[in-house]
**Student:** 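Quick one: this structure, given as structure tokens, is what I'll be asking you about.
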Amino acid sequence: VSRQRPHRGLENPSCAYGLSFSRSVSPLTSINADVRWMHVTSTSAAVGSYNGPGWDVQVSTMAIPRVKLTGSTERKP
């Protein structure tokens with residue numbers, strides 16, 4: 001994947017390898033997770049490169065009737 005930012009004169013090619021899973025951990029709660037190792041390079045020294053973990057995790061529950069609560073966190077290139 002290559003993210004181009006023409007208005008800034010940057011290009012950020014990236015590679016990522018990882019695992020994704022989705023699971024109901026109880027009748028009321030579910031989890032969706034994507035965990036990966038990322039390698040992102042940049043054409044600008046001001047932006048820098050990144051080589052490390054990335055994730056997208058969501059936890060949802062319906063512990064309160066008719067209300068779905070969702071919490072999430074992510075780190076993407």
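Position 1 is the first residue of the sequence; numbering continues from there.
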**Student:** Do any pairs count as a salt bridge (charged side-chain N to carboxylate O under 4.0 Å, His left out) and have a residue in residues 59-69, sequence neighbours left out, and if so which ones?
**Tutor:**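 Every candidate salt bridge (charged side-chain N to carboxylate O under 4.0 Å, His left out) pair involving residues 59-69 fails, so no pair, neighbours aside, qualifies.
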
**Student:** Hey, what else clusters with Val67 if you join Ile, Leu, Val, Met, Phe, Trp, Tyr whenever side-chain heavy atoms sit under 4.5 Å?
**Tutor:** Ile64, Leu69

**Student:** Do you know the tightest heavy-atom contact between Ser72 and Gln58?
**Tutor:** CB-CG, 3.6 Å

**Student:** Can you tell me if Ser26 uses its side chain to pair, donor with acceptor, with the backbone of Leu28 under 3.5 Å?
**Tutor:**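 Flag set: sc Ser26 to bb Leu28 pair under 3.5 Å.
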
**Student:** Side-chain contact test, heavy atoms from C-beta onward, threshold under 4.5 Å: evaluate it for Ser49 versus Val40 and give yes or no.
**Tutor:**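 When only atoms from C-beta onward are counted, Val40 and Ser49 do not touch, as no gap falls below 4.5 Å.
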
**Student:** Looking only at heavy atoms, what is the nearest atom pair of Arg75 and Pro53, with distance?
**Tutor:** CD-O, 3.9 Å

**Student:** By the salt bridge (charged side-chain N to carboxylate O under 4.0 Å, His left out) test, which pairs, at least two apart or in different chains, include something from residues 15-30?
**Tutor:** none

**Student:** For Thr61, check side-chain hydrogen bond (donor to acceptor under 3.5 Å, both in side chains) against everything at least two apart and list the hits.
**Tutor:**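 Scan of Thr61 (side-chain hydrogen bond (donor to acceptor under 3.5 Å, both in side chains), adjacent residues dropped) gives Thr29.
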
**Student:** Kindly indicate whether the side chain of Tyr50, heavy atoms from C-beta on, has any atom under 4.5 Å from the side chain of Thr41.
**Tutor:** no

**Student:** Using a 3.5 Å cut-off and no angle test, enumerate the donor-acceptor pairs between side-chain atoms of residues 15-22 and protein atoms at least two apart in sequence or in another chain.
**Tutor:**
unit_1 : atom_1 : unit_2 : atom_2 : d
Ser20  : OG     : Asp34  : OD1    : 3.1
Ser22  : OG     : Asn32  : OD1    : 2.5

**Student:** Scan for salt bridge (charged side-chain N to carboxylate O under 4.0 Å, His left out) pairs involving residues 50-62, sequence neighbours excluded, and state none if there are none.
**Tutor:**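 Every salt bridge (charged side-chain N to carboxylate O under 4.0 Å, His left out) pair that includes a residue of residues 50-62, provided the two are not neighbours, is Asp56-Lys76.
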
**Student:** Under 4.5 Å between side-chain heavy atoms, counting indirect links through other Ile/Leu/Val/Met/Phe/Trp/Tyr residues: same cluster for Val57 and Val25 or not?
**Tutor:**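 Same cluster: Val57 reaches Val25 through Ile, Leu, Val, Met, Phe, Trp or Tyr contacts under 4.5 Å.
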
